[in-house]
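Below: the structure, in structure tokens.
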Amino acid sequence: MGAAPKKPVLPAPRVELPHDYVRRLERLVLQLAAQGERREGLGQAHLLGAGEEFIGHRPYREGEDLRRLDWGLLARSDQAFVRRTRREAAPVWSLLLDTSASMGIGSPGKLSQGAQLAGAIMAAGLRRGVRVQLKSGLGPAFSLRRGQSLGLLLSHLESLDAGGEGSASPEEMLASWRPAREVGLLVVIGDCVGLGLSDLKPHQRPGRRMVLLQVLAPEELDPAAQLAGAAVHWFDPEGAEERPGRAPGEAASVYERRLESWLEGWERSTRSRGIGWSVGASDVPFEERVALALEAR
Amino acid sequence: MLVWERPLALWLLGLLLIVLLRSLQRGVPAGRLLGTLRFWPAREVVGDEHQRQVPPARWALLAAMGSAVLGLAGPVWQQASPRPVWRVIVDRSPSMALATESGGSRWVRALEALDDALEGQVALVFVAGDAPELQHDGQHPPDAWASLTARSEPDWPRFDHAQTIWLTDRLPTQPPVHACVVAGGGDAVPGVVSRDSEWELVSDGEAEILRAATGGPLGVEVRAPGSSQLAALARLWAESRGHHLTSESPALLVDFIGAHTEGALESQRVARGGWSLRGSVAPSAVGRAWVLAQPSGWPAVSWQPGRVDVFLLEEGLPQGNLAGLAQAFGDLLDRAVAPGPEAISSAERAGAGEGGVLGTFDDLRGEESSSNQRLLKAVFAGLAGGLGLLALALSRNGRL
């Protein structure tokens, strides 16, 4: 009987947020809000929920702003209803953050980069008044509403552990979890090594935008440049598989061709399905990718 | 067997080993994790790219440096063939047994000088210079050879041969042509030079003085079974010299043994200096002959230090110059009487100088060994040069 494969030691399993992350986050959220207001002025508010498109009524809840009360219906029916607008029809953003072991590599770590992206998108959603939830494993999702402390979000992000207990890959989370109907934005963040388009399709529905943000380590995107010719033994962070290599070398060339083909496949397939997609290294500033993810197509 | 002239240089190999280990350590590929490992081709697709972790040029350079270090350490191939045998002619004269002021004896000093000169490189056969038939194999001669006796010095010129060492205390005035000399040296040793029952001659290292005997009269034993004119002369001589007749450790034994020996020849005549004796003479070969019997030619009287042997059984009275007979026989007894072991001649007691070594011992190890040394060093030097050139050829743009 063979010995169980030894679990590799991950170089960056924990989330390390930059020391100026909060400041950069606030600045980004303000920038996005300003852009959103400009788009609403141009009639492009379907995602951000800032418009006043009437879609129905719901009973008035005590303490609500009386200005939202439908005074005409009250007069006609003697019952208090409030008008429902587009903002309230899509009030939830769901994010899936890959916490599998493969996210614990890179410099900076892929999980840290994914957490920064998730935090930025969630902060932007809170700024717009939507409810945001982050699913990072097979357990319950972490949810926040507007008005709740951003510190809760940061603490939750910093508690994540790649390959740790309760961690899961996006395909595992998508297979066992079905987003609520009101989820208007579904963002998947991870290296998506094991993810396929077939995992995303069941969760597409009218009025819901899906975005796939792929995060890869610098040495995954360009091993030749990162390793400067040093001989390495590559290990699979998910198991004990090992492959020899030298970068640059013949094997590195083969790898680059295969990776490029794989990424091109993602770009073509997501475009054809109307899914937002981008790929970037873990050392790219998160601001660049957040803006791209929230842009309307 | 391979031995090293400068074994400390071999420590430099440790430095090369460190360099090699560091090279190997650098050659071990680092372990890196890759989430997209499935895109990296398997070994069989592209081949093992880690087969050569340490460049061949570096191997060649290390080997060249190793060869240079080995050559520097001075490799010497020692033949396992039997060691050459040298004959050591040992001086056993009384001077060798004299104690020196610095302790030990000249014998010990000579042996130490021999050990220093040879360093155990050769096998030795010791030959007693005064009795060449007496030989001994080993690194040192028997201790019994060092006893204080009245042996004479070797007849040195007789032993002037190659692979021969003269072992003595004093460098010879006439150096040998072929043999080597190892002399232990030694200061002058004061003491009794000669003595009789009344007087003794003493050397103080520089001069000799005569003083009254301090050891008492010498003992003389005259062992004669019957009446003999010569025995009577011996007793008279002892009385005139002040010796006392005794049989306990006599300084001189005058033994009349001719009558007891079978095969004696009768009617022999013994004549010398105007006197003559007649009688029967027994055959003998003891000591040095003093007078011969005619016509047999056998010694009638012989002597050695401490002993006079008379093989003549007299028939009748001496004829001719009887005073001459008494004078000559008395002189013989004077010469033969041993003054005791403490009486050593002034020549023996004289200083033997610092000693020293004459001749060269370069060929102790043999010419073949020297040529082996040069050959081995040349091999290592050539190997180092060749490997260095190979390293240069294998290097890429001068990089190892």
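A, B, ... follow the sequence lines: proteins, then strands. Residue 1 opens every chain.
- What you find for A/Ala252 and B/Trp40 is that their closest heavy atoms are CA-CH2, 3.7 Å.
- Note: A/Trp262 CH2 to B/Thr36 OG1 = 7.0 Å, rounded to the nearest 0.5 Å.
- Minimum heavy-atom separation, B/Arg38 to A/Arg258: O-NH1, 4.1 Å.
- For the atom pair B/Leu37 CG and A/Glu238 CD, the distance stands at 10.5 Å (nearest 0.5 Å).
- Other residues, nucleotides and ligands contribute only 12 or fewer heavy atoms inside 6.0 Å of the CZ atom of A/Arg178.
- Counted within 6.0 Å of CD on B/Gln135, heavy atoms from surrounding residues, nucleotides or ligands total more than 12; the atom is thus considered enclosed.
- Sorted by first and then second residue, the pairs that involve residues 100-123 of chain A and meet salt bridge (Lys or Arg N to Asp or Glu O under 4.0 Å), not counting sequence neighbours, are A/Lys110-A/Asp191, A/Lys110-A/Glu220.
- Atom CG of residue B/Leu34 and atom CZ of residue A/Phe235 lie 12.0 Å apart, to the nearest 0.5 angstrom.
- We find the CG-CZ distance between A/Leu263 and B/Phe39 to be 7.5 Å, quoted to the nearest 0.5 Å.
- Atom CD of A/Glu16 has 12 or fewer neighbouring heavy atoms from other residues, nucleotides or ligands inside a 6.0 Å radius.
- Looking at residues two or more places apart in sequence or on another chain, you find a side-chain contact (heavy atoms from CB on, under 4.5 Å) between B/Ala384 and B/Ser67, B/Ala68.
- With a 6.0 Å radius and a threshold of 12 heavy atoms from other residues, nucleotides or ligands, B/Met65 has its CE atom at or below the threshold.
- Nearest heavy atoms, B/Gly35 versus A/Ile105: N-CD1, 3.3 Å.
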